[in-house]
There are 2 protein chains.
Amino acid sequence: MRPTAESKSETIARVLEDEIRSGAVREGDTLESENDLVVRFAVSRSTIRKGLQILATKGLITTKVGIGSFVTFGGTVIDSKSGWSVALSDSEARLQTRILRIARVAMEITCPYLPLGCDVLAVDRIRFHEATGRGLTLERSRMPWRADFADVLTAGLLDGSLSKTLEARDIRSHSGEEWARVLPALPAVEAELMGRTPGEPMLRLTRLTRTAAGAIVEYVESDLDPVLFGLHMAF
Amino acid sequence: MRPTAESKSETIARVLEDEIRSGAVREGDTLESENDLVVRFAVSRSTIRKGLQILATKGLITTKVGIGSFVTFGGTVIDSKSGWSVALSDSEARLQTRILRIARVAMEITCPYLPLGCDVLAVDRIRFHEATGRGLTLERSRMPWRADFADVLTAGLLDGSLSKTLEARDIRSHSGEEWARVLPALPAVEAELMGRTPGEPMLRLTRLTRTAAGAIVEYVESDLDPVLFGLHMAF
DNA sequence: TTTTCATACCTGTATGAACCTGTATGCTAA
DNA sequence: TTAGCATACAGGTTCATACAGGTATGAAAA
C-alpha cells in the first residue's frame, strides 16, 4: 500500500486531490493552468501533466485543450482531520453550527475509556440545515478536565473551533481510534434536540484521540444524518 | 577495534540504519542516490545495493526505480492493512461463505468509476450465519475483464480467495478509496438472497482499489448486518 | 454592428539530456 | 567459493525546450 515514498507527480496529484475533496476547489471550477502549477510546485510541466493525468484517471478532473482543467467531482468533505473524512453528499446544503452547551460535568456517556462520573469538559454541538432548521449532526465531545479549560466556560471556543481551542493549550492529538456503526433508531431525546423524528437509523461515529504520551485528548460521539453523510477514506 | 566479521555491505547497512534510527535522516526523506553512496563509502555500486537490500528487507526503506530510496521507518506507515477493518462485534458467530456467482457480465451496478455495460468479472458472495442460515453480508465485486480471468469462470477462485486469485495474476492493489454509509432500507431482491426481511437499514461499504498506474483493480459493494458489523480504524 | 485578425494563453506532443534504479557480466582477491 | 569491483545497458523520472493547434478577447476593419 502507499508508502510515504512517492514520486513528484504522485505528490502533486495527492495535494490537488485533497484540495478537491476538501471543497477548496469546487465542482466546475477550473484548476490553475499547467504553467501556474509549474510555478506553484516548482517542477517541470511534464511532471505537472503526469500528476493531472492521475487525477483524470480517477475521474476527479477533465481537461479541455485550449481552456484548462475542470473539477468534475461533486462531493464535499468536511472534517478531514486524521482518520475518516466525513463526506457530505449534497454539496448544496449549507450548514450552520449551534452550540448546545459548553460545561464542566461529570461524565455521563458510557464509554470504555472515560469512566462514568469523571470530571470532563463537555461540548455538545448540532449542525443543522440553514433553510429547514433540521438537525443533521449531533456531536458530543468529552475532554478530561484541565485547569486551563476554565475560561472556555465563559469565553467559549476559540474561533468557534474546538480543535483550535485545544491547540491553543498545546493539546495535540497524536494517535487515536475511530469506530463507525449504524445506530438503528434515533432516541427520542436526541430526536427532540435535532428536530427529527425518533426511530430513524443514524450513522454513529465514535472517535477517541490521545496525546503522544497516551493520555486521552477527546472522546467524541457523532450521530450523522444517514442520507446526507458518509465516510470516506483514501489509502 | 573489535573484529566483528562484518562485510562491507553490512557495514553500510548498519551505518545507514543508525542514521535513520537516530533521526538524522527522517521518514519520507530520500536517501542519497546509489552513485552518491558509492562515492561516500568508496565501494562499488553492487556493494551499496547489497547494503540497501538489507535495509529494504528490514522495512526501513523502500526504493523506487527512477526516483531513489525513501526512509519508511516511523511506525505510521507500516500499517499495511488497507483501509478500515470490519469488526464483527459478536465473535461467537461462526460465518460461512457462499458464492452466488462468478461470471463475466456487463457492468450492471451504477458506480462512478466503471461505466455501465463495460466488461467485468463479477463475484457475488454471501456470508451467512452457520446455525440460522441468515445472511449477514452480501458482497459484490466487479473487476475489469482480463483475458487471464477466463479460467476463473471454470476453476473458481484460488483457495476460495479473491485476493489470492488476483495476486496469482500479478494484479496488486497500490492505493484506493473506501466509503461507508447507511443504506436506509434493504431492497427486496437482496433481502431474498440473504434471507432477511426487506426494509431493514444496512451498513454499506464501498471500496475501490487501483494499481500504481491508477487503473482500477476492483470495485466492491458490501452490505453488512448493522447489528453485527462496525468499522474500526486506528490512526 | 458585424466580421476579421492579431495576440495571449491554454493544452497536446515531441525531443534530448541528466539522473535514477534494475540487471547482467566478467574480473580480481581473499 | 564468495565478496567485492568495474562496466555496460535497459528502462523509469524529471527537466528544459520547442512547436503545433484550440480558445478567448479586444482592437481594427468592413
Integer-rounded Å distance: C/dT21 P and B/Glu32 CD: 11 Å
Just the rounded figure in Å: distance from P of C/dT11 to CG of A/Leu37. 8 Å
Please state how far atom CD1 in A/Ile48 lies from atom P in C/dT13, giving the value in whole angstrom units. 18 Å
Non-neighbouring partners of A/Thr30 that pass side-chain hydrogen bond (donor to acceptor under 3.5 Å, both in side chains), sequence neighbours left out: none
Is there a side-chain contact between B/Phe149 and B/Met143, using heavy atoms and a 4.5 Å cut-off? yes
Show your working on side-chain hydrogen bond (donor to acceptor under 3.5 Å, both in side chains) between B/Thr206 and B/Glu221 and close with a plain yes or no. CA-CA 5 Å; B/Thr206 314; B/Glu221 266 186 19; 5.4 Å; no
D/dT14, C/dT11, C/dC20: which one has an atom nearest the side-chain heavy atoms of A/Glu34? C/dT11
Atom CG of A/Asn35 to atom P of C/dG12: distance rounded to whole Å? 12 Å
Over how many whole Å does the gap from B/Leu52 atom CG to C/dT21 atom P extend? 8 Å
When you compare the side chain of A/Leu55 with that of A/Glu17, does any pair of heavy atoms fall below 4.5 Å? yes
Does A/Lys8 make a side-chain N or O approach to OP1 or OP2 of D/dC15 shorter than 4.0 Å? yes
Between atom NZ in B/Lys50 and atom P in C/dT23, what is the gap in whole Å? 15 Å
If you check the A/Ile67 side chain, which of C/dT23, D/dT23, C/dC20 turns out closest? D/dT23
Which nucleotide sits closest to the side chain of B/Ser9: D/dG4, C/dT21, D/dT14? D/dG4
Could you go through the salt bridge (charged side-chain N to carboxylate O under 4.0 Å, His left out) check for A/Lys50 and A/Glu34 one step at a time? CA-CA 11 Å; A/Lys50 241 183 180 176; A/Glu34 296 178 358; over 6 Å; no
C/dT11 OP1/OP2 closer than 4.0 Å to side-chain N/O of A/Thr63: no
Atom CG of B/Leu31 and atom C1' of C/dT21: how far apart are they, to the nearest Å? 13 Å
Any residue in residues 39-47 of chain A with a heavy atom nearer than 4.0 angstrom to DNA chain C? Just list them by number, or reply none. A/Arg45
Would you say that B/Met194 contacts B/Ile126 through its side chain, given a criterion of any heavy-atom pair below 4.5 Å between the two side chains? yes
Is any side-chain N or O of A/Lys64 closer than 4.0 Å to OP1 or OP2 of C/dC10? no
Assess whether a salt bridge exists between B/Arg127 and B/Glu139, defined as any Lys/Arg side-chain N lying under 4.0 Å from an Asp/Glu carboxylate O. yes
Rounded to the nearest angstrom, tell me the gap between atom CZ in B/Arg49 and atom P in C/dT23. 7 Å
